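Beneath this line is the structure, given in structure tokens, with notes to follow.
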Amino acid sequence: MIGDEENAPPVLRAWWRIMDRNIGVVPLPVFTVLVALTAGFIAVGKVPSDILMNIALLTMGGFACAEIGKRIPYLNQIGAGAILATFIPSYLVFAHLLPAPVVESVTSFTKSSNFLYLFISSVIVGSILGMDRCILISGFVRVFIPLALGSVAACATGLLVGAALGLDVKHTFFFIVVPIMAGGVGEGALPLAAGYAHFHAVPPGELLGEILPSVMFGSLTAIVFAGMLNRLGKARPHLTGEGRLVVGESDDAFPVDGEARVPPSVTAIAAATVMIAALYLTGQLSQIVLSWPGPVVMLFLTVALKLGRLVSPSLERGAFSVYQFFRVGVTYPLLFAIGVAMTPWQNLTAALHPANIITIVATVTALMGAGFISARLVGMYPIDVAIVNACHTGDVAILTASNRMRLMPFAQIATRIGGAITVTLALIAFARFG
């Protein structure tokens, strides 16, 4: 029988034990072979930028960084794996320690393949379809209250702290506080830079250099705080739902209507993957034709399908399995890709001024603290709400550091909707007072 250890020769059993040693999800011998193959491609000067090569590159890089982070005492309890998987590759690119062909391959693949949105789409659709319908309704309605309170508290705190430290009030608001809550680089920093540049008639690149440090250091602060909250949740279980937002929420939506819980078929998983692609493309077309944010359209379409029970239970299970696959097997490779292609190290170090750092940390603290304090008022878990509020600054790395990828649908409300509102209001204010 295949896999029968008892009847296998001792040498074979020893080999199997080696094969079961993993770096992340990659068996150690396979990881070793991938390193050797990558070295070979680099030696001949041709590192392809296709999906197969990047499965190898991103898997090696992402899980290697994550393994290092998980072995650093104390820091491994506050999300060091997610931090290192993002910031180590950023530094390696800056210091020219990562071979140029590898950087070119990863950058080309990341920017041309929509890898980030494949991940986000799979996590959003899969996690929503795996939720309890009633909890989904109440969660989406109630989460806006702590998000709004957190935004107000963060804005007020950032301005007060910045003023106390001698920073210009306008600069603090437009270039520190607003970028932190704008939803990350792509949906936040870039639109802000373009809008600010339009009103000041300067190249967007000049203003982007001022905005990015606050975005990135704010995200780093949120990652660390999210990891600390995850640690707090282990010590104080009554403060967290471990990825469940609403008090009383069941672990997932299965079994559905009393139906026995069964693993999804391969066909259901494949069908769910195509459905996820269709939902993403619907959002993209809406963005092109109607100028509606594509990810937000996808999110609300998925919610409508779930609430209307328009997706069969077997397909829901398939989508939930796709979500689980991406959460376990793709998160750290994605963070590595973001570090290489989208996180300039020099922009991170530009934020390292004491007054800026204190203002950024205070802003993020207020953003998350308001969510933590107000959560009980709306029947939610304080730690999980605080983490959702933190996603005003981004989402993937924060949810990874806190081990709460299941909160992605709610995090998208903070990142996409909250970020869009923040950017819109900021540009209106900039046109008047900037």
Side-chain angles (χ1 to χ4, degrees), residues 1-44 46-73 75-77 80-82 84-85 88-89 92 98-99 101-102 105-106 109 115 118-119 122-123 126 130 251-252 254 260-273 314 317-337 340 400 403 405:
M1 180 183 295
I2 296 176
D4 189 353
E5 285 192 56
E6 294 181 0
N7 299 325
V11 173
L12 187 56
R13 290 202 301 270
W15 173 249
W16 285 345
R17 284 194 293 272
I18 295 173
M19 285 292 291
D20 286 337
R21 287 180 174 271
N22 294 339
I23 296 178
V25 301
V26 187
L28 183 58
V30 175
F31 190 95
T32 304
V33 170
L34 289 177
V35 171
L37 289 171
T38 301
F41 279 106
I42 294 172
V44 299
K46 293 182 180 180
V47 179
S49 59
D50 60 16
I51 187 171
L52 294 175
M53 187 74 234
N54 276 272
I55 286 175
L57 293 175
L58 300 181
T59 299
M60 286 189 297
F63 284 115
C65 292
E67 287 293 325
I68 295 171
K70 291 176 182 178
R71 284 165 172 72
I72 300 176
L75 291 181
N76 60 359
Q77 301 295 329
L84 295 187
I88 283 181
L92 293 178
L98 205 60
V102 171
S105 174
V106 171
F109 173 76
F115 183 28
L118 170 63
F119 177 88
S122 300
V123 171
D251 186 52
D252 57 56
F254 309 118
R261 181 170 185 161
V262 295
S265 66
V266 174
T267 301
I269 294 173
T273 302
S314 64
R317 286 192 290 269
F320 193 67
S321 291
V322 174
Y323 151 73
Q324 290 176 312
F325 167 78
F326 274 84
R327 178 178 61 84
V328 173
V330 183
T331 299
Y332 288 114
L334 173 65
L335 292 176
F336 188 86
V340 171
T400 302
N403 193 30
M405 193 60 70

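Computed from a prediction, not measured in an experiment: that's the story for all the values here. Residue numbers start at 1 and run along the sequence shown. All heavy atoms count here, side chains included; hydrogens, waters and symmetry mates do not.
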Kindly give the heavy-atom pair with the smallest separation between Pro264 and Ser321, and that separation in Å. CG-OG, 2.9 Å
Atom pair CD1 (Ile88) and CG (Leu335), whose distance is rounded to the nearest 0.5 Å: 12.0 Å
Find out whether Ile72 and Leu84 are in side-chain contact, i.e. whether some heavy atom of one side chain is under 4.5 Å from a heavy atom of the other. yes
Where is the tightest heavy-atom contact between Tyr332 and Lys70, given as atom of each residue plus distance? OH-CE, 4.0 Å
Give the table of side-chain donor-acceptor pairs shorter than 3.5 Å for residues 25-40, with sequence neighbours excluded, one pair per line with atom names and distance.
unit_1	atom_1	unit_2	atom_2	d
Thr32	OG1	Leu28	O	3.0
Thr38	OG1	Leu34	O	2.8

Going from OG on Ser122 to CZ on Arg327, what distance comes out if it is rounded to the nearest 0.5 angstrom? 13.5 Å
Non-hydrogen atoms of Tyr323 and Gly126 that approach each other most closely: CB-CA, 3.7 Å
May I ask you to decide if the ring planes of Phe326 and Phe119 are parallel, tilted or perpendicular, using 30° and 60° as cut-offs? perpendicular
Pairs of donor and acceptor atoms involving the side chains of residues 59-66, under 3.5 Å and at least two apart or interchain, shall be tabulated with distances.
unit_1	atom_1	unit_2	atom_2	d
Thr59	OG1	Ile55	O	2.5

Answer yes or no: does atom CD1 of Ile18 have more than 12 heavy-atom neighbours from other residues, nucleotides or ligands under 6.0 Å? yes
Residues in side chain to side chain donor-acceptor pair (under 3.5 Å) with Ser105, at least two apart? Asn54
Over 12 foreign heavy atoms within 6.0 Å of NZ, Lys46: no
Report yes if some heavy atom in the side chain of Val47 is under 4.5 Å from a heavy atom in the side chain of Leu57; otherwise report no. yes
Going from CZ on Phe336 to CG on Leu92, what distance comes out if it is rounded to the nearest 0.5 angstrom? 7.0 Å
Provide the closest heavy-atom pair for Gly130 versus Phe320 in the form atom of the first, atom of the second, distance. CA-CD1, 3.6 Å
CD1 of Ile269 to CZ of Phe325: how many Å apart, nearest 0.5 Å? 10.0 Å
